[in-house]
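See below for the structure under consideration.
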Amino acid sequence: MSIQIFNTLTGKKEEFVPIEAGKVKLYACGPTVYDSSHLGHARMAIVWDVIQRYLRFAGYKVTFVRNITDIDDKIINRAKELNIRPDQLARHFLYEFWQDMYALNVAPPDIEPRATEYLQQMIGMAADLVKKGKAYESGGDVYFDVGACPDYGKLGKKNIEDLKSGARDQVRSQDELKDVKRNPVDFALWKSAPETETGWTSPWGFGRPGWHLECSSMIKSVLGETIDIHGGGEDLVFPHHENEKAQSESLHDKPLAKYWMHNSFVNVSEEKMSKSLGNFKTIGDLLREYSADTLRLFILQTHYRNPIDFSPEAMNAAKQALMRLVRAALLADAEENGSGFYPSKHYRFDQKAAEAYKNDETITEFHKEFVAAMDNDFNTAVAVSHLFGLADKIAASKDTAQRQLWAKALKDYSGILGFTLADTRKVVDRNSTEQVLALLLQLRQDARANKDFKTSDLIRNELAKAGISVMDTAEGPTWEKT
RNA sequence: GGCGGCAUAGCCAAGUGGUAAGGCAAGGGUCUGCAAAACCUUCACCCCCAGUUCAAAUCUGGGUGCCGCCUCCA
């Protein structure tokens, strides 16, 4: 059985057949770095992380590209508000994004191009489109001529006539562009800008590229004219991906991507979580309350094409559930327990483990179910349910060697979904540490008051061994790390 | 207004024709100085109506409710 992928373009599940046997070119739209990332971005990142991990597990040589939009109006406007340069703002939030991804155990993409690195390619592409008669220059701007693209609207299932008349809210802003655009739905490949702003020189004067152009250019430069899978959040279907597709395909006369995949959103109180609604929690906020594995379980328990409603109750349910997996995996490998993150470690099994798994009936059965679930359009919800099934078997088994093997399998297969199953139960925060030490110092004071110096010295000496130095000061006892 | 999606136990959530995965919570039990944890166990006929079929949560039609996209957005 091969991998089935739901293709947004056709609206159906299709058998995945890569363009070149054994290889997958995968491109996912990454963030615009103008603000902190929230749970919705975490979902996008985790979903694509799992897809690329699974494709590697399935034996494909994957080239996973995720771009960074580090120049656009949002960045420029925000930078203006903060009175810093746009590139400073972008760098700040890019660093933060990387930190978030690392903390979430999201494996880095193979290639991570940034828009600002591909200006010449974008300009070149816009020029080529003009040359080919698919785009036109108008007052320093360059617009893509949607009328010259018969397929336009296919991906987003839009009808050009509807777009012209239906987009009521859009009409006002279109008024001012009436004289420059031939057709209201034409979109900018290049926008002129005052030379005092961030921009680049082009054949049409000083300005900036249109947003959609960057992905088209980077895909072409990094992966080629046609890729296997192109994805992103479902809000990107239209217009972003529609426009990318129109540009690239008009220029190359071949499909931009064979499969289009889109993940659904995270809602809060049944409303989309988004920066513009301001109802979001940042990834940093969430990671202070929940582990990366908990967040990942919360996300992967729902199929990627269905919306998730965020709630503290659901998060806590995931937290409790995760502990069952963590406990079951404890036997796997003592040295790994509690060692924190080890990002990207589980791309693939080592061959020795894979051989051992093949000889075990339970794991073979589990493997079949797990793979069947993942092959079915990356149904992580079902895959996860099989992890729980294996965890139950581990708990019920009396045979230690068997339990260890199963536990290792549990950890390895969980790794395909990006779980670390690190045991964080004994990771104590600073607040707890201080309370515990305060208690010990109190017990020591009580002992000293009773002239029980044996006990008081025991406490101080043992704490010293643990790297805590106790000092008696005029204000009472205190401690510091040695 | 146009387009698309969803509606499954107290909650979250799989399941696209053969008779309801999984998780949380809750009840019962084992263990236990107390408490907690752990482990075992119990718990649904799938929004409404009509139809197709030997057989439907799953297909068709209608209804109701909710959500998303059409403008920046993962």
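Sequence lines set the chain letters: A, B, ... in the order given, protein chains first and strands last, and positions in each chain run from 1.
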Side chain A:D293, main chain A:L421, donor-acceptor under 3.5 Å: yes
Residue matched to B:A20 through Watson-Crick or wobble contacts both under 3.5 angstrom: none
Rounded interatomic separation in angstrom, taking CD from A:Q301 and C1' from B:C24: 9 Å
Interatomic distance at C1', B:G61 relative to B:G23, whole Å: 36 Å
Nearest-Å distance for atom pair CG/P, residues A:L387 and B:A13: 19 Å
N-O pairing of A:K258 and A:E14 below 4.0 Å: no
Nucleotide paired to B:C39 in any strand shown, Watson-Crick or G-U, under 3.5 Å: B:G29
Sugar-phosphate only, base, or nothing, as touched by A:H303 at under 4.0 Å among non-hydrogen atoms: sugar-phosphate
Spacing between A:D392 atom CG and B:G22 atom C1', to the nearest angstrom: 10 Å
Nucleotide of B:A74, B:A14, B:C24 approaching A:M44 most closely (side-chain heavy atoms): B:A74
Nearest to side-chain heavy atoms of A:K157, which nucleotide of B:G68, B:C73, B:C3: B:C3
For atom CG of A:N243 and atom P of B:C73, their distance in whole Å: 11 Å
Touch class at under 4.0 angstrom, heavy-atom based, for A:D73 against every strand present: nothing
Base-pairing assignment for B:C45 (Watson-Crick or G-U wobble, both under 3.5 Å): none
Integer-rounded Å distance: B:A25 P and A:K319 NZ: 12 Å
Residue mapping more 5' on RNA chain B - nearest nucleotide basis, A:F238 or A:V382: A:V382
B:G15 phosphate, OP1 or OP2, under 4.0 Å from A:N379 side-chain N/O: yes
Whole-Å distance separating the CZ atom of A:R403 from the C1' atom of B:C39: 10 Å
Donor-acceptor contact present, side-chain A:H41 to main-chain A:H38, <3.5 Å: yes
Whole-Å distance separating the CG atom of A:D309 from the P atom of B:A7: 14 Å
Nearest to side-chain heavy atoms of A:A395, which nucleotide of B:C73, B:C3, B:C40: B:C40
Aromatic centroids of A:Y413 and A:H367 separated by under 6.0 Å: yes
A:F265 CZ to B:G68 C1', straight-line distance once rounded to whole Å: 7 Å
Touch class at under 4.0 angstrom, heavy-atom based, for A:Q320 against every strand present: sugar-phosphate
B:G22 versus B:C40 - spacing of their P atoms, nearest Å: 13 Å
A:D49 with A:R53: basic N within carboxylate O range, under 4.0 Å: yes
Check: A:Y304 main-chain N/O paired with A:N263 side-chain donor or acceptor under 3.5 Å: no
C1' gap between B:U8 and B:C47, integer Å: 10 Å
Sugar-phosphate, base or nothing in reach of A:G232, heavy atoms under 4.0 Å: sugar-phosphate
Closest to side chain of A:R327, choosing from B:A74, B:C67, B:A38: B:A38
Nucleotide forming a Watson-Crick or wobble pair with B:G68, both distances under 3.5 Å: B:C3
Sugar-phosphate, base or nothing in reach of A:A381, heavy atoms under 4.0 Å: base
Residue whose nearest RNA chain B nucleotide is more 5′ - A:S385 or A:D72: A:S385
Candidates B:C3, B:A74, B:G22 - which lies nearest the side chain of A:F388: B:G22
Identity of whatever pairs with B:U52 - Watson-Crick or G-U, under 3.5 angstrom: none
Gap in Å between the two P atoms, one belonging to B:C49 and one to B:A57, rounded: 13 Å
Sugar-phosphate only, base, or nothing, as touched by A:N316 at under 4.0 Å among non-hydrogen atoms: nothing
Side-chain (A:E249) to main-chain (A:L256) donor-acceptor, under 3.5 angstrom: yes
Salt bridge (charged side-chain N to carboxylate O under 4.0 Å, His left out) partner of A:R208, the single match among A:D141, A:D72, A:D73: A:D73
Span that lies between the C1' atom of B:G10 and that of B:C72, in whole angstrom: 39 Å
Sugar-phosphate, base or nothing in reach of A:R305, heavy atoms under 4.0 Å: nothing
A:N306 vs B:C6: side-chain N/O to OP1/OP2 distance below 4.0 Å: no
